[in-house]
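Reading through the structure tokens given below for one structure.
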Amino acid sequence: MLSIIVPCYNEEATLPLFLAAVERVNETMQESLEYIFVNDGSTDKTLQVIKELYRKNPGKVRFLSFSRNFGKEAALYAGLRTAGGELVTVMDADLQDPPELLPEMLRLIRQEEYDCIGTRRGDREGEPRIRSFFAKFFYRLVNRIGQTEMVDGARDFRMMTRQMVDAVLELTEYNRFSKGIFSWVGFKTKYLTYENRERAAGETSWSFWSLFKYSIDGIVNFSEAPLTIASVIGGIACLGSVIALLFIVIRALLFGDPTAGWPSLVSIVLFVGGLQLLCIGIIGKYIGKIFMETKRRPIYLVKETEADMDETK
């Protein structure tokens with residue numbers, strides 16, 4: 001069986017289109033499919049649409065509905081824990097992940113013995129230039145400073161064997177960054193490239209600011225380089241202050257102290273203070289991650305599933 005995990009947040013318009021598109025592709029694959037829709041605290045009629053799809057496709061459609069919005073990472077993790085197929089696929093409901101790639105992904109895993117077939121966008125056509133610039137910069141930066149390689153343009157859309165899924169589920173950390181986790185666990189992986197697609201309907205919930213925060217989490221979760229950079233900056237600032245102090249003392253001894261120099265002093269104090277705040281902020285980010293991990297809070301809370309609907313019949 002092939003389990004298809006679909007995280008959903010305000011996707012009422014796209015869900016019927018998504019299910020129909022995958023079913024058309026499956027006419028050529030003839031696979032036993034299991035759809036797992038994870039409602040991540042949607043504020044529209046997404047849950048009602050999912051329930052309707054469940055009523056029309058009993059035994060094929062399953063769902064989880066969170067008690068609130070926990071984020072896509074939590075939805076992915078919940079779907080992976082629920083999936084029962086020997087193969088598991090993660091897809092977005094907006095059809096930006098082409099279902100037409102599923103047969104080739106299936107063939108590569110079964111015939112060429114890959115553990116994971118991932119996908120990546122070959123271009124960013126239709127995306128704002130500023131977002132594209134920062135996305136490319138993020139991948140260059142994280143691959144330079146991190147220990148885990150991440151493929152530029154990689155999507156969450158991928159097909160994995162049960163062995164790889166079980167390995168991913170071994171990582172129970174609260175602060176999750178799936179693109180890094182999929183790379184960190186290893187296994188034999190191949191990426192398929194496709195052209196960027198527009199959403200089938202609705203609007204994306206990912207703003208520039210949310211993507212920026214997500215990229216910061218990715219860097220912090222898979223690299224200690226920011227801590228090293230903070231230490232280096234602090235060391236350079238300290239050394240520069242010592243050199244400047246020696247210069248001022250020697251100049252005062254030889255030539256006297258002609259001016260008080262308060263503007264330059266204020267500038268130096270503000271500069272050094274800014275560096276200190278920057279370093280403290282970087283350290284604080286890591287401490288915050290440690291704090292959330294030590295709380296041992298659940299990654300998500302489920303309010304209802306398809307089993308609850310069956311009990312009420």
Side-chain angles (χ1 to χ4, degrees), residues 3-15 18 35-47 49-50 62-83 88-94 96-97 118-119 131 134-135 138-139 142 148 150 154-158 160 165 168-185 199 202-223 284-305:
S3 297
I4 300 178
I5 300 169
V6 189
C8 306
Y9 180 71
N10 294 345
E11 296 286 359
E12 62 174 324
T14 61
L15 290 176
F18 171 83
Y35 296 92
I36 302 175
F37 295 100
V38 184
N39 177 40
D40 185 23
S42 299
T43 56
D44 62 358
K45 296 181 180 179
T46 294
L47 181 57
V49 173
I50 292 175
R62 303 175 63 191
F63 72 87
L64 303 172
S65 184
F66 289 169
S67 60
R68 65 170 177 83
N69 178 251
F70 283 90
K72 186 178 181 181
E73 293 295 337
L76 285 177
Y77 181 70
L80 291 176
R81 287 188 61 184
T82 307
V88 178
T89 296
V90 177
M91 299 183 70
D92 286 345
D94 56 16
Q96 286 187 299
D97 299 333
T119 62
R131 181 180 295 186
F134 278 103
F138 164 75
Y139 283 107
V142 77
T148 301
M150 300 185 196
R155 300 275 294 176
D156 290 324
F157 179 30
R158 62 188 62 226
M160 299 171 283
V165 171
V168 171
L169 292 176
E170 288 290 324
L171 280 66
T172 58
E173 58 210 56
Y174 181 84
N175 301 287
R176 305 186 67 81
F177 186 76
S178 291
K179 287 183 175 65
I181 291 175
F182 291 144
S183 297
W184 187 89
V185 297
R199 288 178 58 90
E203 296 182 359
T204 180
S205 59
W206 287 92
S207 64
F208 176 81
W209 177 243
S210 61
L211 288 172
F212 177 75
K213 292 191 294 183
Y214 187 60
S215 65
I216 294 297
D217 288 338
I219 293 173
V220 172
N221 287 350
F222 285 91
S223 176
K285 185 69 175 177
Y286 281 88
I287 293 176
K289 295 288 186 181
I290 296 171
F291 178 64
M292 294 304 298
E293 292 290 345
T294 57
K295 282 177 175 288
R296 306 293 296 174
R297 287 178 177 174
I299 298 174
Y300 61 90
L301 294 173
V302 176
K303 183 178 180 181
E304 61 179 311
T305 68

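- Side-chain N or O atoms of T46 include one that pairs as donor or acceptor with a backbone N or O of E12 at under 3.5 Å.
- By the 4.5 Å heavy-atom criterion applied to side chains, V6 and V38 are not counted as neighbours.
- Looking at every heavy atom in both residues, F157 comes nearest to T119 through O-OG1, 2.9 Å.
- Here the shortest heavy-atom pairing between I36 and G79 reads CD1-O, 4.1 Å.
- In terms of modelled atom types and a separation under 3.5 Å, the side chain of S3 and the main chain of A83 share no donor-acceptor contact.
- A salt bridge links D92 to K72: at least one charged side-chain nitrogen sits closer than 4.0 Å to a carboxylate oxygen.
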(request) Dump the intermediate steps for side chain to side chain contact (heavy atoms under 4.5 Å, CB included) on F66 and K303, then the final yes or no. (result) CA-CA 5 Å; F66 289 169; K303 183 178 180 181; over 6 Å; no

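- Because its NZ or CZ atom is both nearer than 6.0 Å to the ring centre of F70 and within 45° of the ring axis, R68 counts as a cation-pi partner of that residue.
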(message) Quick one, T89 with I5, criterion side chain to side chain contact (heavy atoms under 4.5 Å, CB included). Give me CA distance, side-chain angles, the key distance, then yes/no.
(response) CA-CA 6 Å; T89 296; I5 300 169; over 6 Å; no

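- Put simply, the residue from V88, V185, V90 that forms a side chain to side chain contact (heavy atoms under 4.5 Å, CB included) with V165 is V88.
- Residue T305 holds its OG1 atom at 12.5 Å from CG of N39, rounded to the nearest 0.5 Å.
- Closest of all the heavy-atom pairs between L171 and Y77 is O-CE1, 4.2 Å.
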(request) Output, in order, the C-alpha distance, side-chain angles, deciding distance and verdict of side chain to side chain contact (heavy atoms under 4.5 Å, CB included) for L64 and E304. (result) CA-CA 6 Å; L64 303 172; E304 61 179 311; over 6 Å; no

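- Atom-to-atom distance recorded for R81:CZ and Y300:OH is 4.0 Å, nearest 0.5 angstrom.
- Judged by distance alone, with hydrogens and angles left aside, the side-chain atoms of T14 form a donor-acceptor pair with the main-chain N or O of E11 at under 3.5 Å.
- For the pair F37 and C8, the tightest heavy-atom approach, listed with the atom from each and the gap, is CD2-SG, 3.9 Å.
- A search for side chain to side chain donor-acceptor pair (under 3.5 Å) contacts involving N69 returns D40, not counting sequence neighbours.
- Between M91 and F18, the shortest heavy-atom contact is CE-CE1, 3.9 Å.
- If you take CZ on R62 and OG1 on T82, they are separated by 6.0 Å, rounding to the nearest 0.5 Å.
- Nearest heavy-atom pair, G41 versus Y9, reported as atom, atom and distance to 0.1 Å: O-CE1, 3.6 Å.
- D97 CG to I4 CD1: the interatomic distance, rounded to the nearest 0.5 Å, is 11.0 Å.
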